[in-house]
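Encoded as structure tokens, the structure appears first; notes follow it.
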Number of protein chains: 2
Amino acid sequence: MGVIETTKSRVQRTEKAVELPLELPVGKILDGDCVEAMRSIPTASVDLVFADPPYNLQLGGDLNRPDGSHVDAVTDDWDKFDTFKAYDDFTRAWLTEAKRILKPDGALWVIGSYHNIYRVGAILQDLGFWILNDIVWRKSNPMPNFRGTRFTNAHETLLWCSQGEKAKYHFNYRAMKTLNDELQMRSDWVLPICNGAERLKEGGHKVHPTQKPESLLYRVLLSTTEKGDVVLDPFFGTGTTGAVAKRLGRQWIGCEREGVYRNAALKRIEKELPLDESALTTMQAGRSAPKVAFGALVENGYLKPGTELFDKKRRWRATVRADGSLACGKQTGSIHGLGKELQGAPSCNGWTFWHYEVDGADGKDVQPIDAARQLYLLAVED
Amino acid sequence: MGVIETTKSRVQRTEKAVELPLELPVGKILDGDCVEAMRSIPTASVDLVFADPPYNLQLGGDLNRPDGSHVDAVTDDWDKFDTFKAYDDFTRAWLTEAKRILKPDGALWVIGSYHNIYRVGAILQDLGFWILNDIVWRKSNPMPNFRGTRFTNAHETLLWCSQGEKAKYHFNYRAMKTLNDELQMRSDWVLPICNGAERLKEGGHKVHPTQKPESLLYRVLLSTTEKGDVVLDPFFGTGTTGAVAKRLGRQWIGCEREGVYRNAALKRIEKELPLDESALTTMQAGRSAPKVAFGALVENGYLKPGTELFDKKRRWRATVRADGSLACGKQTGSIHGLGKELQGAPSCNGWTFWHYEVDGADGKDVQPIDAARQLYLLAVED
DNA sequence: GGAGCAGTTGAATCGGTCC
DNA sequence: AGGACCGATTCAACTGCTC
């Protein structure tokens, strides 16, 4: 059992990742059943498995809103399991393969709802996986319970597991703390559901019924992988895992048997641009602790890593990095800390000090980053 | 599958509760192993089982805070199980008895953490229980992760289940919505851990290592039981379930094998006073929707149900009810709505209109209920 | 008498490396 | 396998004391 977050071990891991990928179908979506597909992957070759398996939702008839409109629920054939037994067998099969292909210090993430997560959790414990945390994705904008018969189902659950009780695992503690305004990241994550421009649509209809938000994958990959790591998603769907992995400089492998999803995913990932080196560098353990407050804006795309920030009189410039820290030459720190250092001031409110360019009505507008924070608050507030 | 929340069914339930209790050890704590104790309870006789079983924590060595102080962990014998198999057998045994003693339209609540809840959830599904919601108790003040090795473990999980997929169950939708400021109650509940005066202590030491907050039981019992219902807690501990049940006019039965806990629970429940009829009446489904904003204050004990409120000139009086609504004779409503109706005014800010008496330095002080809100905000804000 | 500071504590599966 | 040594690591709420 342990945590690796030293420079030395990180370098070792990168070297390993450079040795192996020739055998690995990195950047590809394997066609067919995920268990079969995973059998083609070498043992102990993957750093992370992220899985969003079918939820085994047992919806009776159709579901209508109070106004009579129809809810586009999950009724696809791939989500039908006759009994718990069938679902358990399926779950045991893919978890067994996942365990085999993971490196000894690799990790597994699974997301699910109350319909399936208790079965998945018990089975992965039976297989020897060791739960490190269960994470609650608290949806800031869940679907209401239209009938008023239960509590609003406003969250989903993720399980984060190592290979076993004594196995090592990787956790970017400092990056998570930076992302959370210098407080430890908790086991409950408040994130909006996948909506708006991020949601893949074809002819007005959503391509996939359960597309996950990129902010969720962003946090998963940033917290438990390093640059260059190989991430496998056995239920790739429309490729959220692949898109975020590419953006964050991780290698990815997908398994998906539906051609429609595979095509949508490939198109989507094609468009994705990897962040550059400077933006990807995150805060490390052991360095002088920076104060950063706006990681959530970066995570949710309000400010992209790599964005140039500057003060109102453009005397200083800095680059936004993936974990919400800033870089200015060799100097790095939080929006507050770096602003303070550059000015040689006793303190600095980064929210009003740093500005960025926005596409406005005529040309570029300059706004303080606090404007982005306000937008984010409006979107997330409930 | 269904919900009972009509006046008719509620009356029927009350009649049933009056027929049976002569056989039931209501208001008693049964000594000994909970499975044995439950065997003495008649089949289909209990309305609700609330269970807080051992979590099977499997802790390793000692843990110290960064300042060097020692963390007082759960090391009691009752939390020790050698294997998952042993824990599963234990879980299946008590859940089987719980299922037998529950009425056909009764419900089960279980609370747990990631160490045990996936096993409990899978087993109760195997036994035929039907999960209605999983509820996340988000702790406003969890213990940090001192070593910086994982995400802060900031929540626990509750499962709410009916007897089966087609079984009826009870859900006080309107009371929950009232309690949540006229928004549907969600599956994530933000509540502080049990602390301060509520925490039972003996000689400066906590009596029970895992005492649950009364606000948690308050919400469980208010949402899924009716006045007069019989609630059984197979892991009674220091009697939080019994204390809140008595306060809310529910009947209770406990099972507890530790004499120290039984004695502490009996003393505690003895002191508890049941709320009177008016305070217990909650908002019913189908009535005109009231606007209420201070349910959280009631739930957290800042204003007890039954408290008398009055305007500054004491022209009108009203009683606080369990779900945060007010009653004045036959008139009921929210703090704003009732104030408006009584005055015949176009609107009324209940926060400043209604006052209550507080024990002050010399005799009684009179304060607006907004003062209680301020206290609550100070305590909860994050 | 209130503000402020120091001290305490809570269901926690809480190192890594070298010899 | 075990011991020595190095080094990194905490948030919110309550209690009690001083000033």
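Each chain gets a letter, A, B and so on, in the order the sequences are listed, and its residues count up from 1.
- Among the heavy atoms of the strands lying under 4.0 Å from E156(B) is at least one base atom, whether or not backbone atoms are also near.
- Checking dC14(C) for Watson-Crick or G-U wobble geometry (two distances, each under 3.5 Å) identifies no partner in any strand.
- A salt bridge (Lys or Arg N to Asp or Glu O under 4.0 Å) with E214(B) holds for exactly one of R219(B), K304(B), R268(B); it is R268(B).
- dT18(D) is paired with dA3(C) under the criterion used here, namely a Watson-Crick or G-U wobble arrangement in which both key atom distances are under 3.5 Å.
- Judged purely by distance below 3.5 Å, without hydrogens or angles, the side chains of Q184(A) and T152(B) pair a donor atom with an acceptor atom.
- Straight-line distance from the CG atom of N133(A) to the C1' atom of dA11(C): 14 Å, rounded to whole Å.
- Atom NE2 in H70(B) sits roughly 16 Å away from atom C1' in dT10(D) (whole-Å rounding).
- For dT10(D), the OP1/OP2 oxygens have a side-chain nitrogen or oxygen of Y173(A) closer than 4.0 Å.
- Counted within 6.0 Å of NZ on K267(B), heavy atoms from surrounding residues, nucleotides or ligands total 12 or fewer; the atom is thus considered open.
- With hydrogens and angles ignored, no donor-acceptor pair under 3.5 angstrom links the side chain of K139(B) to the base of dA13(D).
- Remark: K206(B) is in phosphate contact with dG10(C), judged by side-chain N or O atoms under 4.0 Å from OP1 or OP2.
- For K177(A) and dT9(D), the shortest distance from a side-chain N or O to OP1 or OP2 is not below 4.0 Å.
- Between R147(B) and dG15(C), a side-chain N or O to OP1/OP2 separation shorter than 4.0 Å is present.
- A centroid separation of less than 6.0 Å is found between the aromatic rings of F151(B) and W189(A).
- We find that NZ of K212(B) is positioned 6 Å from C1' of dA11(C), with the value rounded to whole Å.
- Residue contacts shown for G112(B) are absent, as no nucleic acid heavy atom lies under 4.0 Å away.
- For the pair D72(B) and N153(B), nearest-nucleotide mapping onto DNA chain C gives the more 5' position to D72(B).
- Nucleotide dT9(D): unpaired (no Watson-Crick or G-U wobble partner with both distances less than 3.5 Å).
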